[in-house]
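Contents: one structure, followed by commentary.
Throughout, residue positions are numbered sequentially from 1 according to the sequence presented. Read the numbers this way: they start at 1 and go in the same order the structure lists the ligands and their atoms.
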Amino acid sequence: MEYQGKELFRRVGIPTPRGVFARTPGEVEAYIAEHPGSWVIKSQVMMGGRGKAGGIKFADTAAEGAAFAKELIGKVLKNQQNPDGEEVRSLLVEEKVAIESEAYASITIDRATKKPVVIVTSQGGMDVEEVAESDPDAISKYWIDPAIGFQPFEARQLAFAAKLPAGYMKAFPKILGGLYTLFMEYGANLVEINPLVLTKSGEVIASDAKVELDDNGLYKHPELNEWRNDGPADEDQAAAVEIGLGMSNYAKLDGDIGVIANGAGLGMGTMDAIRIAGGEAANFLDIGGGAQADLVKKSYKLVTGDPKVKAMFINIFGGITRGDQVALGIVEALKGDDVRKVPLVVRLTGTNEKEGREILAAAGMNPVETMDEGARRAVEFAKAKV
Ligand code: GDP
Ligand code: MN
């Protein structure tokens, strides 16, 4: 789905609007309340043409956002290609950008030549097949020789040939380069940006994302396997969805140290650090970006609900996630009588780190400075006889 495609876009350096994934009106409301401005509420379904099907709304206030979320969740979006429709179960809330123009860029495999073909048009926001019929000259194609790769000058030539507005030129080679990296690295059948927006302030941003992965490519990135399911496949995934996370955000493993981190990369790094310190993670829980105290609390409860867990390491790198919210969530979780408490190690860096540390200190906790130190302590705790 779009939010997953955009996660991959970010991995390869393609700019996307800032935002958050949400499953409930409450989450949408809380996020907009915290980040006042104009937001787009986008239904996360497999089908395209969501705009025309009524699956995309614009909200200027938290209350509006909540109302649209309520309207969209559970709604069945339909169009001609999808007469049965698809039920909306999750949303992406994204900063609304002021559009100067909309372009289209994709890479797919050309059946005839078996080579990757890049397709670019200045007619973004429309179905590319329609453009091919109504205005074939507006479409530029370029066949890539995989042995040679894709060069920035080729991207520039494509932009000229497709008559993209001048504002695209600077960013375009990097974006197409990222798209090609994604296509090859993940063994995709299709990577598509429609529209690729030039904003009024001159930025070039992928406003929509479509990534179709090939089964054969998935072995390289097993963490993406779960993306293919359309509903939780097991108890752990269901538990993650239950507390408002994505279903691939929580996975149980064999060890005895509970891990909560934000972002898959940091999570993997944390598990490695634990292994190097001589321990083994009991799970991996990615609280994602922008987590609020309540989600931190629920995550703590979920992880300690696993009886294998003997110690816990919470490792947060604050970007849109704020250290004070994480700290509040931890303190709240430890107050509850309904949670099992285990020795806890916390590392907080980045946004509102100082505030977070103060909250933890007031509750008698002392966060560690580095990931390695945190991993070492967590392993000591897990090995200590109780
Ligand atoms: P699709 O209809 O499923 O392909 O969904 P898109 O993400 O492509 O959105 C459809 C249309 O909504 C876009 O072509 C835009 O015209 C409009 N739209 C989406 N995001 C924004 C935004 O941030 N600002 C503005 N002004 N329009 C947007
Ligand atoms: Mn689109």
Side-chain angles (χ1 to χ4, degrees), residues 1-10 14-22 28 31-32 35-61 64-65 68-69 71-73 75-108 119-132 134-135 138-139 164-165 167-168 171 175 179 182 188 190-212:
M1 285 194 261
E2 178 190 12
Y3 76 98
Q4 298 162 325
K6 280 179 168 161
E7 185 179 321
L8 296 179
F9 279 11
R10 287 189 286 274
I14 299 173
T16 60
R18 72 187 177 114
V20 70
F21 177 77
V28 175
Y31 185 78
I32 299 181
H35 307 83
S38 295
W39 296 90
V40 193
I41 319 282
K42 308 183 80 177
S43 303
Q44 297 302 290
V45 289
M46 298 300 287
M47 64 184 255
R50 294 164 300 165
K52 281 184 199 144
I56 292 179
K57 306 279 182 188
F58 300 101
D60 290 321
T61 64
E64 240 174 31
F68 284 137
E71 180 188 327
L72 290 174
I73 292 168
K75 183 173 174 173
V76 178
L77 298 182
K78 287 182 191 174
N79 58 23
Q80 268 180 341
Q81 286 83 42
N82 301 275
D84 291 343
E86 204 182 324
E87 188 185 335
V88 179
R89 295 164 65 181
S90 59
L91 305 166
L92 187 59
V93 181
E94 277 190 340
E95 190 167 21
K96 183 180 175 188
V97 296
I99 297 180
E100 175 70 29
S101 59
E102 296 181 287
Y104 169 100
S106 71
I107 304 176
T108 181
I119 300 176
V120 177
T121 140
S122 58
Q123 314 283 308
M126 303 170 44
D127 205 25
V128 71
E129 278 87 33
E130 273 172 43
V131 181
S134 63
D135 192 2
I139 294 184
L164 294 196
Y168 279 101
I175 289 173
L179 210 54
L182 182 57
L190 169 73
V191 289
E192 182 187 80
I193 313 178
N194 187 25
L196 177 64
V197 164
L198 174 63
T199 69
K200 297 255 186 232
S201 52
E203 287 164 291
V204 181
I205 297 181
S207 174
D208 192 7
K210 190 168 180 185
V211 175
E212 283 176 19

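Each protein N, O or S atom less than 2.8 Å from the Mn ion (ligand 2) was counted, giving 2.
Using a 4.5 Å heavy-atom threshold, the side chains of Leu77 and Met47 count as touching. The side-chain heavy atoms of Ile119 and Ile139, taken from C-beta on, include a pair separated by under 4.5 Å. Between Glu2 and Glu94, some side-chain heavy-atom pair lies under the 4.5 Å cut-off. Here the side chains of Lys96 and Phe58 are in contact, with some heavy-atom distance below 4.5 Å.
Closest heavy-atom contact between Val88 and Gln44: CG1-N, 4.4 Å.
The neighbour count for Lys75 NZ, taken as heavy atoms of other residues, nucleotides or ligands under 6.0 Å away, is above 12.
Side-chain N/O atoms of Arg50 and Ser43 include no donor and acceptor closer than 3.5 Å. Side-chain N/O atoms of Thr108 and Ser106 include no donor and acceptor closer than 3.5 Å.
Protein residues with any heavy atom under 4.0 Å from ligand 1: Val40, Lys42, Gly48, Gly49, Arg50, Gly51, Ile56, Phe58, Glu95, Lys96, Val97, Ile99, Glu102, Gly125, Asn194, Pro195, Ser207, Asp208.
Look at Glu64 and Lys57 and you find no salt bridge, because none of the NZ, NE, NH1 or NH2 atoms lies under 4.0 Å from a carboxylate O.
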